[in-house]
Each structure stands twice: as C-alpha cells, then as structure tokens.
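Predicted model, so just to flag it, every value in this text is computed and none were measured. Each chain gets a letter, A, B and so on, in the order its sequence line appears, and its residues count up from 1.
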There are 2 protein chains.
Amino acid sequence: METLSRKQEIIVVASRLFKERGYNAVSMRDIAQEMGIKAASLYNHISGKQELLSTLILEVAREFTFGMNRVVKEEVSSIEKITQVIELHIDITVNFSEGLAALNNDWMHLEATDLEGFVKMREDYEENFRIILKQGIEAGEIQSHHPEVMLFSILSTLRTLYVWYQKRGKLDVNLLKKDMVAVLLHGIVPPK
Amino acid sequence: METLSRKQEIIVVASRLFKERGYNAVSMRDIAQEMGIKAASLYNHISGKQELLSTLILEVAREFTFGMNRVVKEEVSSIEKITQVIELHIDITVNFSEGLAALNNDWMHLEATDLEGFVKMREDYEENFRIILKQGIEAGEIQSHHPEVMLFSILSTLRTLYVWYQKRGKLDVNLLKKDMVAVLLHGIVPPK
DNA sequence: GTCTATAGGATGATAGAC
DNA sequence: GTCTATCATCCTATAGAC
C-alpha cells in the first residue's frame, strides 16, 4: 500500500511534466529530480517510462469509453445525448486534466499493443458520436449539414478544453457546461 | 539557388516527420535517411535541428498575424470579420498543413528568442479575435455569452482542422468554408 | 526505498577527406 | 555536397550496496 501511494506520486509528477513538455522531452532524471530522488529509484515503483504513459492514457481513454457507452444506452433525444456527451467531456477535463494532455499529444508514443487498443477505443468513440448525430439529423433535431463537419467541430473543441480550462482560473463547472452546450448547439449568432 | 532548393527539401521532409511523431521523436538521422543521405550532410544546408523547427513555425505564425491584421482593418460587420477569420484558417490549413502541426504541438520546443516572439504573436492574435467578438456582442450581432467560451470554442476547432483535413480526402475548399462558417456561427440545431 | 556505478545505445553536431 | 569517423552528452534501464 505504501508502494502504491509512491507509484501514484510518480504518475502525478510525470503527468504534469508530460503536459508541459511532451513525453519525449521529459527524461526519467527530470521526473526523479522533481521528486527529490535519483532516476534509478523510480524503477523500484514502476517498470519503465512506457508504463507511465500507458497508465495515464488508458485510464482516461476508459473513462471516455465507459461514459459514451452509458450515453448511447439512454432513451432520450439526440440533442439530449449530445448534451450529455459535452458534459462527459467537461467532467473528465476537470477530473483528469493532466492525463488528457498525454492522451491528446503523446498517444502515438504508446508501445504497439497499447497503441492498438487505444486507437480502437478512439475510433469506437467517434463512431458512436457520429451515429448520435446522424440519428438527430434523421429525426429533424439537428441541421442536415455534413455530419463530419459537426462531429469534428464539436470534438475538437471538447478535446482541447483541458488546455484552456487550467489557463483561466478554475471556473464553475455547471456554468461552463451550460455555456458550452449553448455555444456548441446553437452557435454564437442570436436567432432572428 | 541550388542549396536553397535542397534546404527546402529538407524542411519538407522534416515537417512531415515532425507531424507524424513530434519534434523530439525525430532525429537528424531519421530526416537524413528519409532523404537518402547521411545526417552529417544535412549540416551543409542548415545550421541545426532548431532552425528547422523555427523556420516551420514562424512562417505559419506570420501568415496568421498578417491575415488577422488585414481582417481587423476591414470596415465590415463583426460577423463578416469572423467569417473572414474562419476562411483565413482554412486557407492556411490547406497551404501550410505540415507547418501547422509543428506550430500546434511543438512550439514549446522553440529556443528562447523564437519562443518569445511566437508567444507574443499568438497572444496578439487571440486578443484581436477577442476584440472582434466583443464588438459583435455590443452591436447585438453576437449572443452575449461569455466571450471566452466562444473564442475558445471557435479557435480550438480552427486550430485542429489540419488534423482532420488530411484524414478525409481533400475536400472542396469553398464547400468546407461554407459548412464551417455555418456550424461555427449557427451551431447544429435548426432555428425554431 | 534509495543510493552509486555503469552498461549499452541514441543523439546533435563537428572535422576533415573526397 | 556527401561521406566516414568521432566527440561529448544524454538516455533508459540494471546490478548490487546500504
């Protein structure tokens, strides 16, 4: 239990450095120095640098997969599902903001087996989102624009949220959800 | 003139690799191998790895600064200015997509003097965009949501466009502009 | 759990031959 | 303009003492 706590501490430090400089620009010495120990000591708690990356990324990826699967099963309108997806992203941003940086920027540095699993989860996630949008279009709840443009537009906003959320002082989460849903669903131009 | 062409060739190869793996995961040996020469030979054309990064990033950053300054001077409505900014991003995405990856992901690896200049340009750019939004709100052209949410939402979509533009087969640029403006300005929900 | 010492290899860059 | 050879430094990771 003591080692588990120490391991977690390493992961927290590593995630902060990965976020600031990227996986490849952070050395084991950097992480160790930040903790006040020597690099060799890290290996008593973790198997290597790769473990840090995959732990960080896969934990967050599973949150997304789990959350999306929950939303898909709901028996509500497409608009309501999209609202819930937006809220899911904001919740994950608030709770896993450090891991999100690794997931967004360093996923390609995962080792082969982890990479494969990650890409699969990501594709499934996008496909579920795509289906929700298409169902909304069929039901007349959503504009019949090219669904890919909408999917991409919403997803890139939500995926980058972690960068911006920390730069501003931590905002009220419920207010942020409300504003974000409004802007992403209805745009910035008032109705005529 | 011959050397200039060779130099350009190196930059093209480097930008592709940087985009795929990130600046720190690409070695001079990787770049050289891709060109069929040895790493040492690269130094006849460029001063070092840093020059490749700063050349790529600053070229694109200047395009943004130049384009934004042009839009700001126009005597048109705020909505029209935002439309022009969206089109500016799409034009740059189409013409400088490789450099955009470096700008988005590896700007923090610029050396001190270049980094300073880049951050300044980026802040000025955002501030100009912010002013356009605020003017639009005052004029009643734009919803009075928190301007930061709108700014962030639009900018993160536009900044990530390069990832998505290449994944799909190259789309018709004018159609993309039209769809993008529609989604970003009016959202995805049809007017009641 | 942390240390020192070190293996074994990659990295950016230079010197000098051709 | 490209090569070989090489330097000095950094990297991840291991072995073994305390």
* **Distance flag, aromatic centroids of B:His89 and B:Tyr125, threshold under 6.0 Å** => yes
* Asked: Do A:Glu138 and A:Lys134 pass the salt bridge (Lys or Arg N to Asp or Glu O under 4.0 Å) test, and can you show the C-alpha distance, the side-chain angles, and the key distance before you say yes or no?
  -> CA-CA 6 Å; A:Glu138 276 177 43; A:Lys134 284 183 176 169; over 6 Å; no
* Phosphate OP1/OP2 of D:dT14 contacted by A:Tyr43 side-chain N/O (<4.0 Å) -> no
* Asked: If you check every side-chain atom of A:Met28, which of C:dT4, C:dA13, D:dT12 has the closest atom?
  -> D:dT12
* Structure fact -> Between CD1 of A:Ile31 and P of D:dC11 the distance, given in whole Å, is 11 Å
* Whole Å only: how far is the NE2 atom of A:His45 from the P atom of D:dA13? -> 15 Å
* Asked: Would you say D:dC3 has OP1 or OP2 under 4.0 Å from some side-chain N or O of B:Lys38?
  -> no
* Rounded to whole angstrom units, what separation is found between the NZ atom of B:Lys7 and the P atom of D:dG1? -> 13 Å
* Rounded distance (Å) that lies between atom C1' of D:dC11 and atom NZ of A:Lys49 -> 8 Å
* Rounded distance (Å) that lies between atom P of D:dC3 and atom CD of B:Gln33 -> 12 Å
* To do: Look at the side chain of B:Arg29 and decide which nucleotide, out of D:dG1, D:dT14, D:dT6, has an atom nearest to it.
  => D:dT6
* A:Ile154 side chain reached by A:Phe129 side chain, heavy atoms, under 4.5 Å -> yes
* **Nearest listed nucleotide, side chain of A:Ser41, among C:dC3, D:dT12, C:dA13** => C:dC3
* Measure from the side chain of A:Ile37, starting at C-beta and using heavy atoms only, and say which of C:dG12, C:dC3, C:dT14 lies closest. => C:dC3
* Measure from the side-chain heavy atoms of B:Ala40 and tell me the nearest of C:dC3, D:dT4, D:dA13. => D:dT4
* To do: Look at the rings of A:Tyr23 and A:His109 and say which category their plane angle falls in: under 30° parallel, 30 to 60° tilted, over 60° perpendicular.
  => parallel
* Asked: Can you check the A:Arg21 CZ to D:dC11 P distance for me, whole Å?
  -> 10 Å
* To do: May I ask you to test the B:Met150-B:Ile142 pair for a side-chain heavy-atom distance under 4.5 Å?
  => yes
* **Separation of C:dA10 P from A:Asn24 CG (nearest whole Å)** => 15 Å
* Atom CG of A:Leu42 and atom P of D:dC11: how far apart are they, to the nearest Å? -> 13 Å
